[in-house]
Each structure stands twice: as structure tokens, then as C-alpha cells.
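Before any comments, here is the structure.
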Amino acid sequence: MTPASDASPMAFLQAFWEVWQTLAARVEAALSSRHGLDLRAFITLAYVQSNEPGADQPAALARLTGVPRYEMSRILSRLETGGAVTRQSTHSDARRVTVSATPEGRLLYAEAEQTVLEVVAPLLSQLGEPATAGLTTKLRQLAQAAGTQGDQS
């Protein structure tokens, strides 16, 4: 299907989808072969190490990454089995679990992040730094606007 113009919403969605599919496939293949991680586990590990509010809670991680809670539980189980994270019940509420990265997990993330950069940077360099920065800013603005609109419906 060919959209009427590159300014149409469908053209944007198709281009966004094509970029996401291509980059995700390349990144996932490199993460898997070099580090035994899938893209969701890598993103989860990034959030666990961040200062993002709630990123130490499985439910918040599910929300932040956009995956269902049951899937987040599976991701965290794989990361825990691999020694990248620990999950512990809090002292005040045994039902509440806190997730934290282990030293091995922080090292795994640093190495995996380098792999991601090696895969993505050459592609982005074709756009140039100013265009990449501008596109990144615009995509974040679009994501924020979409989130705000979603809250109003």
C-alpha cells in the first residue's frame, strides 16, 4: 500500500513501523548472539538501573516498558536466573518486591549497551547529528502528546 503523500499519517506510521522492525531485528540479533539477551530484557535492565521512579518495582517496570505484568515476570525471572538482577520482598510488605541490578547485571548492561550503539550508530550517522537530535526530540514530543491524549479519552 502506497500512501498519497509522505506527510500523511499512514506514511508516517508505515515508516515508523519499518524503522522499528528493522532496527529491533538487528539489535535483537546482536544482543542475543553476544550477550544472551533479548531486546525486552535489555530495556528492562536499563530501567532497573535508572533513576526512573518505580523502576525497582515489577508493576512499574511493566508499565514503563509497555509489556504485560505476566511477561515482565518472565523477563525478570530470566534476568534473575542469569544473575543480572535480584528480586527481594520488602521488610514492611512481603507482597511487595524490589528489583535491583547486580554487579554482574550492571556489567552485562554496559557491554550490551555498547553492542546496541555499535549496531545503531552507523545507521543514525547517515542522518547526521543535528537531524538525529531533531528527530529524537520530535519523537519524544509525539510520544508525550500521544500519552496525554490517551489520558483524556
Side-chain angles (χ1 to χ4, degrees), residues 9 11-90 93-151:
F12 170 80
L13 288 173
Q14 287 175 326
F16 184 82
W17 181 253
E18 291 166 11
V19 168
W20 171 251
Q21 290 298 304
T22 303
L23 285 178
R26 287 182 180 199
V27 168
E28 181 110 18
L31 286 173
S32 178
S33 69
R34 297 183 196 176
H35 309 287
L37 290 173
D38 63 21
L39 188 52
R40 286 181 172 184
F42 172 75
I43 299 287
T44 299
L45 198 49
Y47 274 110
V48 168
Q49 298 182 96
S50 74
N51 292 325
E52 190 83 26
D56 63 344
Q57 303 295 310
L61 285 166
R63 212 173 30 260
L64 288 166
T65 58
V67 300
R69 284 184 176 192
Y70 71 86
E71 181 63 24
M72 180 52 61
S73 180
R74 291 178 183 159
I75 293 166
L76 291 173
S77 290
R78 287 191 306 270
L79 288 170
E80 188 174 34
T81 299
V85 300
T86 59
R87 291 187 283 184
Q88 296 180 334
S89 298
T90 59
D93 184 353
R95 296 170 297 174
R96 186 177 169 116
V97 173
T98 301
V99 180
S100 57
T102 64
E104 294 84 3
R106 287 189 287 280
L107 178 61
L108 174 64
Y109 175 76
E111 292 171 347
E113 181 182 38
Q114 186 59 43
T115 296
V116 170
L117 294 175
E118 289 171 10
V119 171
V120 176
L123 299 169
L124 292 179
S125 71
Q126 295 177 28
L127 296 176
E129 193 279 326
T132 299
L135 180 59
T136 301
T137 298
K138 293 294 184 187
L139 286 172
R140 285 190 174 134
Q141 290 170 350
L142 183 60
Q144 185 175 12
T148 302
Q149 267 187 348
D151 294 343

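Everything quoted here is computed from the prediction, not taken from an experiment. Heavy atoms only: backbone and side chains are in, while hydrogens, waters and symmetry mates are out.
- At least one side-chain heavy atom of M72 sits less than 4.5 Å from a side-chain heavy atom of T65.
- Panel note: side chain T81, backbone R78; no donor-acceptor pair is recorded below 3.5 Å.
- Taking each heavy atom of L123 and R26 in turn, the nearest pair found is CD2-NH1, 3.3 Å.
- The CD atom of E52 lies 5.0 Å from the CG atom of L64; values are rounded to the nearest 0.5 Å.
- Atom CG of residue L37 and atom CG of residue L108 lie 4.5 Å apart, to the nearest 0.5 angstrom.
- Atom CD1 of I75 is separated from atom CD of E71 by 4.5 Å, given to the nearest 0.5 angstrom.
- Considering only heavy atoms from C-beta on, Y47 comes within 4.5 Å of S50 through its side chain.
- Side-chain contact of E104 with T102: a donor-acceptor pair under 3.5 Å is present, judged by distance alone.
- Counting non-hydrogen atoms of neighbouring residues, nucleotides and ligands closer than 6.0 angstrom, the CZ atom of F12 exceeds 12 such neighbours.
- You'll find the side chain of L142 stays beyond 4.5 Å of the side chain of K138, heavy atoms only.
- Taking every heavy atom of both residues into account, T115 and A30 meet most closely at CG2-CB, 3.6 Å.
- At least one donor-acceptor pair under 3.5 Å links the side chain of T22 to the backbone N or O of E18.
- Of the inter-residue distances, the one linking Y109 atom OH with Q114 atom CD reads 11.0 Å to the nearest 0.5 angstrom.
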Report the C-alpha distance between R34 and E118 in whole Å, list the side-chain angles of each, state the deciding distance to 0.1 Å, and finish with yes or no for side-chain contact (heavy atoms from CB on, under 4.5 Å).
-> CA-CA 12 Å; R34 297 183 196 176; E118 289 171 10; 2.8 Å; yes
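- With a 4.5 Å cut-off on side-chain heavy atoms, V116 and L39 do not count as touching.
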Please test L76 against L61 for side-chain contact (heavy atoms from CB on, under 4.5 Å), starting from the C-alpha separation and ending with a verdict.
-> CA-CA 10 Å; L76 291 173; L61 285 166; 4.2 Å; yes
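- To the nearest 0.5 Å, atom CZ of residue R87 and atom OG1 of residue T98 are 12.0 Å apart.
- Proximity of P58 to V99: side-chain heavy atoms (C-beta onward) are separated by under 4.5 Å at one or more points.
- Around atom CD of Q21, more than 12 heavy atoms belonging to other residues, nucleotides or ligands sit under 6.0 Å away.
- Heavy atoms only, all atoms of each residue included: V120 and V27 are closest at CG2-CG2, 3.7 Å.
- Here the CZ-CD distance, from R106 to E113, works out to 14.0 Å after rounding to the nearest 0.5 Å.
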